A.B. asks: 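This is the structure I have questions about; it appears just below.
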Amino acid sequence: MILSVQRLVHRAIADAIRRQYGLAEIPVFAVEVPPTRALGDLAVPVAFQLARTLRKAPRAIAQELAQTLGAIPGVARVEPAPNGYLNLYLDRSAYLLPRVRQQLPHEAAASEKTIVEHTAINPNKAAHIGHLRNAVLGDALGRVLRLRGTPVEIQNYIDDLGVQVADIIVGFRELEHRTLDDVRQIADTTRIDYYCWDLYSRVTQWYDERQDHLDARARTLHELEHGDPGVNDTAAMGAFIVDRIVRAHLATMARLNIAYDLLTYEGDIVRLQFWAHAFETLKAQNAIYLQTEGKLAGCWVMKIEEASPADARGDAPGNDVGDDAREKVIVRSNGVVTYIGKDLANQFWKLGLLGRDFHYRVFATQANGRALWATTSGAGEAGARELGYSTDGADASKPFVEVSGRKGLGVKIDDLLDLLTNKATAEVAKRNPEFPPEDCRRVGSQIAVAAIRYFMLKYSRGKLIVFDIEEALSFEGETGPYLQYAAVRANNIFHKLQEREHVAEAEILSGLETLPAVELADDGEAHNLWAVVFEASRLDEVVEQVVRSLEFSGLAKYAFGLAQLFSAFYHRYPILNEEQADRKRWRAAGVAYFRMQLTRALDLMGIEVPSRM
RNA sequence: GCGCCCGUAGCUCAGUUGGAUAGAGCACCAGCCUUCUAAGCUGGGGGCCGCUGGUUCGAGUCCAGCCGGGCGCGCCA
């Protein structure tokens, strides 16, 4: 909503530079947003960059450019700042009206399908806080891409043949002597993800007791990988456990407004022999080779290139070349493919390089109404083909975060959500005594989700979050609930306008151009109407930045800053009780735009706006 | 040892492809509920941006070297 104006300004200034100085080549320059509105709405520091080639003071260049610039649509005036900046002031009412009325032409973004793979939790126990961040970040990326018009497919990779699943089977069998029917019984009468949480830690201890206990794991893993769930007990038990735990994970994520389009099962990659095909391709391209000597003899390996700037010169005598070139095992000497190999096959499929596809089945219908599909190696269902490998040029996203906080590894997501929901529900009930209990509960859970999702997004992804329960439980200050509260208050103004004065938003927005816009023109106060409106318009710029950097803290901080700006405005400038009709209307229009933009920003973070708080 | 990440207020963290006076929350202190919800607002104290050098009109941001902390480095996934 601001990007189009920035582009317009950029083009106009580039033209002015060409006209004024006849330069063949114009340096790359930015159109920035100055720190305060007093310095304008847009700022261009290009005069600094031109100073050297033109052998002129920045201030003089800025003055000359301001002179030759001419009129730019939507820009009220241009002022060369004494230090050399070119500051631009927008035509405020002309800026607000088409935006709040949603009359700007929609710009189509590049529409290549993009796959976002996230969550990918081992299906052997309840999901914990350590898993949460990847899911929240991945979900937010999907939402941001969709807003830009990019077709997105959200995939969740299920490692149903891994060591961790084998461990749980070992636990049921060796420690508890359970049959598949016993496990079914447990799954039907308890929360199996919680049950397995405890069982898994017991298995880990049991392995530590005696070295040969690990044999059970190896045996189980082998049976899992080579077994047919129809005939092999281990594979059947594994398939059952995985199915139930995956459903538990999906239920947990659904509480957080996180949904998926497709579950890709590692087992299907193996059974459909995706690896065999990827293997041939890798061999044909010499990407991997059979190591014949050293400790990796008999393994198919891939060279991991580590661009070391130091190795270009002067090898010390006796320092064998290639010694520090590392090799990654793709196929073990016993012929078993490693996780990396299977993942390579998955990536090949995602990029459409495999020449084959999964079969698909409907796994569930999600809370948002969308069908969730899953891969299968059996007979597929009709209607699933659109999910296939139409992903040419897709940008497969890499995992975002390395690991998150250690303390969080011991806390289950559902437990934390329950804690937050109970706390928020009690607070809602206290503040709204006449509110029915089920509504308190609903709003309480919306607040809980906001708190936890904002908490996961506010830190930059390079940061290791040390999970602090006190901080995560807070609803004050820079938190999700603070943002919701601002949106609820803004909405409330319109509820009251409707109730008390029978005026709808549409009426307020119509015919505004005939009213003097002194309210928008007012300066002096830092948190005036224009400051709120202008900041609200920057969402698209922030979204672009997020996509460029895959960094969501910027979106979180932007939304918070916007809410702060509004909160200050809200306390200072009444709307319902404002006596001057023109000021009242323009304020309402500005707040209408604010709530629209904040609601959008919250939606990108998967946060809902409650009806009241 | 090698690779990646981090070092900004007492604590937890932001800091836009290098730009205008380094910000926020928490904590602390002082105010504000007969006016649209006090999960809020206003004001205050608190900073060799780890250190040193370099590039630049301009460095918290880029480069080099140190110091301090984290993670990874398996025929695990």
Side-chain angles (χ1 to χ4, degrees), chain A residues 28 30 32-36 39 43 45 47-49 51-52 57-58 81-85 87 120 122 159 161-164 221 266 291 295-301 304 306-308 310 324 326-336 338-340 342-343 402-403 424 427-428 431-432 447 451 458-466 468 470-471 474-486 488-490 492-497 500 527 538 541-542 544-545 548-549 551 553-554 556-558 560-561 564 567-578 587-588 591 612-613:
Chain A
V28 185
E32 303 170 345
V33 173
T36 70
L39 292 166
F48 300 112
Q49 292 161 270
R52 169 158 293 187
N83 58 8
Y85 267 100
N87 292 335
N122 272 308
D159 183 5
L161 302 181
V163 171
Q164 295 216 17
L221 192 56
E266 182 171 290
Q291 180 57 271
K295 61 175 184 170
L296 297 184
C299 298
W300 286 87
V301 298
I304 306 292
E306 291 176 41
S308 57
D324 40 8
R326 292 174 50 225
E327 292 173 330
K328 205 73 199 168
V329 175
I330 308 299
V331 183
R332 302 184 185 94
S333 55
N334 65 6
V336 178
T338 62
Y339 156 84
I340 295 173
K342 285 179 277 197
D343 192 49
E402 300 168 14
V403 195
E427 195 64 33
V428 173
R431 290 162 190 250
N432 304 277
I447 292 172
K458 69 191 271 196
Y459 303 102
S460 66
R461 82 188 136 92
K463 223 89 177 186
L464 198 75
I465 297 183
V466 178
D468 180 345
E470 288 298 318
E471 217 178 318
S474 170
F475 294 156
E476 288 167 17
E478 194 196 337
T479 65
Y482 174 94
L483 303 190
Q484 290 178 308
Y485 192 63
V488 167
R489 281 172 145 183
N492 231 348
I493 291 170
F494 289 92
H495 293 152
K496 291 271 160 68
L497 277 172
R500 296 183 191 172
H527 331 97
R538 291 187 53 236
E541 184 194 0
V542 173
E544 281 309 302
Q545 181 64 24
R548 248 200 323 274
S549 61
E551 183 59 78
S553 59
K557 302 280 175 184
Y558 162 76
F560 175 62
Q564 264 186 322
S567 295
F569 169 82
Y570 176 91
H571 277 272
R572 192 159 308 184
Y573 303 95
I575 289 169
L576 292 175
N577 296 324
E578 172 56 43
R587 278 179 200 167
V591 172
R612 57 194 300 180
M613 288 178 75

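Since the structure is predicted, the reported quantities are computational estimates derived from the model, not experimental observations. Naming: A, B, ... by sequence-line order, numbering from 1 per chain.
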A.B. asks: How far, in whole Å, is B:rU35 from B:rG60 if one measures between their C1' atoms?
C.D. replies: 44 Å
A.B. asks: Would you indicate what A:V488 reaches in the nucleic acid, counting non-hydrogen atoms under 4.0 angstrom: base, sugar-phosphate, or nothing?
C.D. replies: base
A.B. asks: If we take the P atom in both B:rC41 and B:rC48, what is their distance in whole Å?
C.D. replies: 28 Å
A.B. asks: So, for A:G554 and A:V542, which heavy atoms are closest and what is the spacing to 0.1 Å?
C.D. replies: O-CG1, 4.0 Å
A.B. asks: Dot-bracket for RNA chain B: what is it, with Watson-Crick or G-U pairs under 3.5 Å, [ ] where a pair crosses earlier ones, and | for a pair to another strand?
C.D. replies: (((((.(..((((.....[...)))).(((((.......))))).....(((((..]....)))))).)))))....
A.B. asks: Answer yes or no: is there a side-chain heavy-atom contact under 4.5 Å between A:P574 and A:R587?
C.D. replies: yes
A.B. asks: Mind checking the C1' distance from B:rG10 to B:rG45? Whole angstroms is fine.
C.D. replies: 12 Å
A.B. asks: Atom CG of A:N83 and atom C1' of B:rG58: how far apart are they, to the nearest Å?
C.D. replies: 11 Å
A.B. asks: So, taking the atom named NZ in A:K342 and the one named CD1 in A:I330, what distance separates them when rounded to the nearest 0.5 Å?
C.D. replies: 12.5 Å
A.B. asks: Between B:rC6 and B:rG40, how far is it from one P atom to the other, in whole Å?
C.D. replies: 31 Å
A.B. asks: Could you list the residues that satisfy side-chain contact (heavy atoms from CB on, under 4.5 Å) with A:A568, not counting sequence neighbours?
C.D. replies: A:H527
A.B. asks: Distance from A:L576 atom CG to A:R500 atom CZ, nearest 0.5 Å?
C.D. replies: 5.5 Å
A.B. asks: Considering non-hydrogen atoms only, spot the tightest contact between A:S567 and A:Y482 and give its length.
C.D. replies: OG-OH, 3.3 Å
A.B. asks: Using a heavy-atom cut-off of 4.0 Å across all strands, would you classify A:Y573 as base, sugar-phosphate, or nothing?
C.D. replies: base
A.B. asks: So A:P58, base contact, sugar-phosphate only, or nothing? Heavy-atom distance under 4.0 Å.
C.D. replies: nothing
A.B. asks: Just checking A:L497: base, sugar-phosphate only, or nothing, at a heavy-atom cut-off of under 4.0 Å?
C.D. replies: nothing
A.B. asks: In whole Å, I'd like the distance from the OH atom of A:Y570 to the P atom of B:rA39.
C.D. replies: 11 Å
A.B. asks: Can you tell me how far CG of A:D159 sits from CG of A:D343, rounded to the nearest 0.5 angstrom?
C.D. replies: 9.5 Å
A.B. asks: For a 4.5 angstrom cut-off between non-hydrogen side-chain atoms, does A:E478 reach A:K557?
C.D. replies: yes
A.B. asks: B:rA64 and B:rC5: how far apart are their P atoms, nearest whole angstrom?
C.D. replies: 12 Å
A.B. asks: Does A:R489 make a side-chain N or O approach to OP1 or OP2 of B:rA38 shorter than 4.0 Å?
C.D. replies: yes
A.B. asks: NA contact type, A:S460, heavy-atom cut-off 4.0 Å: base, sugar-phosphate, or nothing?
C.D. replies: sugar-phosphate
A.B. asks: Does B:rC26 count as syn, meaning its glycosidic angle lies within 90° of 0, or as anti?
C.D. replies: anti
A.B. asks: Can you tell me the distance, in whole Å, between the CZ atom of A:F475 and the C1' atom of B:rA39?
C.D. replies: 9 Å
A.B. asks: Less than 4.5 Å apart, any side-chain heavy atom of A:F494 and any of A:V591?
C.D. replies: yes
A.B. asks: Output the rounded distance in Å from CD (A:E427) to C1' (B:rG40).
C.D. replies: 13 Å
A.B. asks: What's the shortest heavy-atom distance between A:A47 and A:P58, and which atoms?
C.D. replies: CB-O, 3.4 Å
A.B. asks: OP1 or OP2 of B:rC41 versus the side-chain N and O atoms of A:Y482: is any pair under 4.0 Å?
C.D. replies: yes
A.B. asks: If I pick the C1' atom on B:rG54 and the same atom on B:rC2, what distance separates them, to the nearest angstrom?
C.D. replies: 26 Å
A.B. asks: Taking the side chain of A:R500 as its heavy atoms from C-beta onward, which of B:rA38, B:rC36, B:rC13 lies nearest to it?
C.D. replies: B:rC36
A.B. asks: Quick one: are A:V33 and A:E541 in side-chain contact, heavy atoms under 4.5 Å?
C.D. replies: yes
A.B. asks: Please report, rounded to the nearest Å, how far the P atom of B:rU37 is from the CG atom of A:L483.
C.D. replies: 19 Å
A.B. asks: When we call it a touch if two heavy atoms are under 4.0 Å apart, what does A:A556 touch: a base, just sugar-phosphate, or nothing?
C.D. replies: nothing
A.B. asks: P atom, B:rG25 versus B:rU42: distance in rounded Å?
C.D. replies: 9 Å
A.B. asks: Who passes side-chain contact (heavy atoms from CB on, under 4.5 Å) against A:E471, sequence neighbours left out?
C.D. replies: A:F455, A:K458, A:Y459, A:D468
A.B. asks: Please name the pair of heavy atoms, one in A:I447 and one in A:Q484, separated by the smallest distance, quoted to 0.1 Å.
C.D. replies: CA-OE1, 3.5 Å
A.B. asks: Starting at atom CZ of A:R572, determine the distance to atom P of B:rU42, rounded to an integer number of angstrom.
C.D. replies: 7 Å
A.B. asks: Is any NZ, NE, NH1 or NH2 atom of the basic residue among A:R431 and A:E427 found under 4.0 Å from an Asp or Glu carboxylate oxygen of the other?
C.D. replies: yes
A.B. asks: Go nucleotide by nucleotide along RNA chain B from the 5' end; which of A:R538 and A:K496 gets its closest nucleotide reached first?
C.D. replies: A:R538
A.B. asks: Produce a footprint string for nucleotides 72-77 of chain B: one letter per nucleotide, 5' end first; B if the base is under 4.0 Å from any protein heavy atom, S if only the sugar-phosphate is, - if neither.
C.D. replies: -S-BSB
A.B. asks: Once you round it to whole Å, what is the distance between P of B:rU17 and CD of A:E551?
C.D. replies: 12 Å
A.B. asks: Using atom NZ of A:K463 as one end and atom C1' of B:rG7 as the other, report the distance to the nearest whole Å.
C.D. replies: 8 Å
A.B. asks: If you look at every strand shown and take non-hydrogen atoms under 4.0 Å, does A:A490 touch a base, only sugar-phosphate, or nothing?
C.D. replies: nothing
A.B. asks: Taking the side chain of A:A568 as its heavy atoms from C-beta onward, which of B:rU42, B:rA38, B:rU21 lies nearest to it?
C.D. replies: B:rU42
A.B. asks: Select from A:I493 and A:V428 the residue whose nearest nucleotide in RNA chain B is closer to the 5' end of that strand.
C.D. replies: A:I493
A.B. asks: In whole Å, measure the gap between the C1' atoms of B:rA14 and B:rG47 for me.
C.D. replies: 15 Å
A.B. asks: Any side-chain N or O of A:N492 less than 4.0 Å from the OP1 or OP2 oxygen of B:rU37?
C.D. replies: yes
A.B. asks: If you check every side-chain atom of A:Y459, which of B:rA39, B:rA14, B:rC36 has the closest atom?
C.D. replies: B:rA14
A.B. asks: Does the side chain of A:Q545 get closer than 4.0 angstrom to OP1 or OP2 of B:rU17 through an N or O atom?
C.D. replies: yes
A.B. asks: Just jot down the side-chain contact (heavy atoms from CB on, under 4.5 Å) partners of A:V329, sequence neighbours excluded, or say none.
C.D. replies: A:L296, A:C299, A:V301, A:R332, A:T338
A.B. asks: Is there any protein nitrogen or oxygen under 3.5 Å from a nitrogen or oxygen in nucleotides 25-34 of chain B, and what are the pairs?
C.D. replies:
unit_1	atom_1	unit_2	atom_2	d
B:rG25	OP1	A:Q564	NE2	3.3

